[in-house]
Each structure stands twice: as C-alpha cells, then as structure tokens.
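These notes are about the structure you will find just below.
Below, all heavy atoms of this structure are taken into account, side chains as well, without hydrogens, waters or symmetry copies.
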Amino acid sequence: MEVRINNSILALVEGDITREETDAIVNAANSRLAGGGGVDGAIHRAGGPSIMQECRKIGRCPTGQAVITTAGNLKAKYVIHTVGPVYQGGTKGEAALLKSAHLESLKLVSAKKLKSAAFPAISTGVYGYPVDEAAHIALTTIIDYLKEHADIELVRFVLFGLKTYEIFAAELKKII
Ligand code: AR6
C-alpha cells in the first residue's frame, strides 16, 4: 500500500528490513545499543561487526532518542538506531516516547540530507506495544513530518509478517 503526502511517498510493505535499499534503515534498538533479538539482531547479523563497533563508540541511547551509524554490509547507507518504550499498559508515557523515537529518527534523516528511510514496527515485538496503537502513532508522526519536509522522497514501513502489515494498512486507511 502506498500513499502520497504532498511530494513524498509513504509506503507499507511486508518484508525483511535488512534487504532494504533506502538511504537509511531504522533499527529498534535498546538503550545500551548492545544488540539483541528481533530486528536488532537481524540488522547486526546482516550488516556485520562494523555497526556494533560504531554503537560501542556512541555508548548509549535513551528511550525516545536516536543515533546514527553507517550500515556495514547492508545496501542502505546508514542505520538509525532508536529506542522505543517497553509497553507497560499505556499509562507510563509510552505514546509520547514512541512518537519521539520516530521523530528523532526522522530528524537524523533530515540532518544527513537523506532522501529515503525504512522503519520497522518499533516496540511491537519484545517491547510488547499493541500493534494497532503503535501503528497509529508511527503513521501519524511520519505523515505530519512529511507534510513539513518535502525533501524526503520516501518513507517505507517494512513489516515483518502479514498480520503486522494488515494492521498497519488498516490504520493507514483510517488516517487518510
Ligand atoms: N525486518 C523487519 N521487521 C522485523 C525483522 C526484520 N528482519 N525482524 C523482526 N521484525 P523487535 P522491539 C519486527 O522485538 O519490540 C531487541 O532485542 C518484529 O516482528 O525487534 O522494539 C532489541 O535489542 C516486530 O514487528 O523490537 C531490544 O532489546 C518489530 O520488528 C528490543 O528487542 C519490532 O520487534 C526492542 O524491542
């Protein structure tokens, strides 16, 4: 599914983000930048050890913030590592932190003058965020940003599995 936001494209696809050819891919990391399972593990495995070397130099990334490294063996040029919140029922500021994780990632896309970026469904795996709520926050944050930043040509959500894709697509249809 694909929609146009002024001059930019917002696309949803089902797939594996490590194969993306966008300028940057976003990683759902932890605040120690220590690697882990899920999409984080997949990115470090596919990208090779140089990404972790750069993460060690950076040190840490607080929840809701983002940092950037190069992308090792991946086709993307950069990996933006952001840390989404652990879902604790929704009353611990999770929504604001998830919004911030997306926004801070987009700010790095702009700072590096990149044209395209791919996002996974941040916080919806190990961190337990309900996918429909996370999709609403992710999509509205990105749509609002693209409206103000026409220099970004493409944001693509790469969703792992049909179910996550379908929930994102349903949320996008409600928003547009
Ligand atoms: N491509 C795209 N999406 C993927 C891929 C992939 N290759 N692999 C998994 N996903 P998660 P979180 C999806 O758990 O909830 C790590 O251990 C997955 O199906 O990766 O933010 C970190 O080190 C789900 O929809 O991230 C942190 O400790 C989504 O990516 C912690 O997990 C996010 O799931 C972060 O948890």
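Note that CG of L154 and CG of L146 are 9.0 Å apart. Values are rounded to the nearest 0.5 Å. If you take CG on L10 and CZ on R4, they are separated by 11.5 Å, rounding to the nearest 0.5 Å. Rounding to the nearest 0.5 Å places CD1 of I68 at 5.5 Å from NZ of K112. With rounding to the nearest 0.5 angstrom, the OG1 atom of T141 is 7.5 Å from the CG atom of L98. With values rounded to the nearest 0.5 angstrom, S8 atom OG is found 10.0 Å from H149 atom NE2.
Hydrophobic clustering (ILVMFWY, side-chain heavy atoms < 4.5 Å, transitive): V26 and L12 are in one cluster. Under the 4.5 Å side-chain heavy-atom criterion for Ile, Leu, Val, Met, Phe, Trp and Tyr, L97 and L103 are members of distinct hydrophobic clusters. Linking ILVMFWY side-chain heavy atoms closer than 4.5 Å, directly or via other members, places I142 and V3 in a single hydrophobic cluster. A continuous path of ILVMFWY side-chain contacts below 4.5 Å connects Y78 to I152, so both sit in one hydrophobic cluster. Taken together through direct or relayed side-chain contacts under 4.5 Å among Ile, Leu, Val, Met, Phe, Trp and Tyr, V79 and V83 form parts of separate hydrophobic clusters.
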Identify every side-chain donor-acceptor pair in residues 120-128 under 3.5 Å, counting partners at least two apart or on other chains, and give the distances.
from	atom 1	to	atom 2	distance (Å)
S123	OG	P85	O	2.8
T124	OG1	A121	O	2.8

Pairs of donor and acceptor atoms involving the side chains of residues 31-49, under 3.5 Å and at least two apart or interchain, shall be tabulated with distances.
from	atom 1	to	atom 2	distance (Å)
D40	OD1	N27	ND2	2.7
D40	OD1	H44	NE2	3.4

Please tabulate, for the side chains in residues 157-176, all donor-acceptor contacts under 3.5 angstrom to protein atoms that are two or more places apart in sequence or on a different chain.
from	atom 1	to	atom 2	distance (Å)
Y165	OH	M1	N	3.0
E171	OE2	K174	NZ	3.1

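Partners of K75 under the salt bridge (charged side-chain N to carboxylate O under 4.0 Å, His left out) rule, at least two apart in sequence or in another chain, are E21. Scanning for side-chain hydrogen bond (donor to acceptor under 3.5 Å, both in side chains) contacts around S110 gives Y145, with sequence neighbours left out. Not counting sequence neighbours, the partners of P130 by the side chain to side chain contact (heavy atoms under 4.5 Å, CB included) test are Y87, D132, E133. Applying the salt bridge (charged side-chain N to carboxylate O under 4.0 Å, His left out) rule to E94 yields no partners; only residues at least two apart in sequence or on another chain are considered. Take T69 and apply the side-chain hydrogen bond (donor to acceptor under 3.5 Å, both in side chains) test, not counting sequence neighbours, and it matches H81. K77 pairs by the side chain to side chain contact (heavy atoms under 4.5 Å, CB included) definition with D23, not counting sequence neighbours. Evaluation of the side-chain hydrogen bond (donor to acceptor under 3.5 Å, both in side chains) rule for N73 yields no partner, not counting sequence neighbours. Residues passing the side chain to side chain contact (heavy atoms under 4.5 Å, CB included) test with A66, sequence neighbours excluded: I80, T82, E104, S105, L108.
In this structure the side chain of E153 never reaches within 4.5 angstrom of the side chain of I9, judged on heavy atoms.
Between the side chain of E54 and the main chain of T70, a donor-acceptor pair closer than 3.5 Å is present.
For residues 56-66, no pair satisfies salt bridge (Lys or Arg N to Asp or Glu O under 4.0 Å), with sequence neighbours left out.
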Carefully, step by step, assess L106 and F119 under the rule side-chain contact (heavy atoms from CB on, under 4.5 Å).
-> CA-CA 10 Å; L106 290 164; F119 282 76; 4.0 Å; yes
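Considering all non-hydrogen atoms of both residues, G64 and S100 come closest at O-OG, 2.6 Å.
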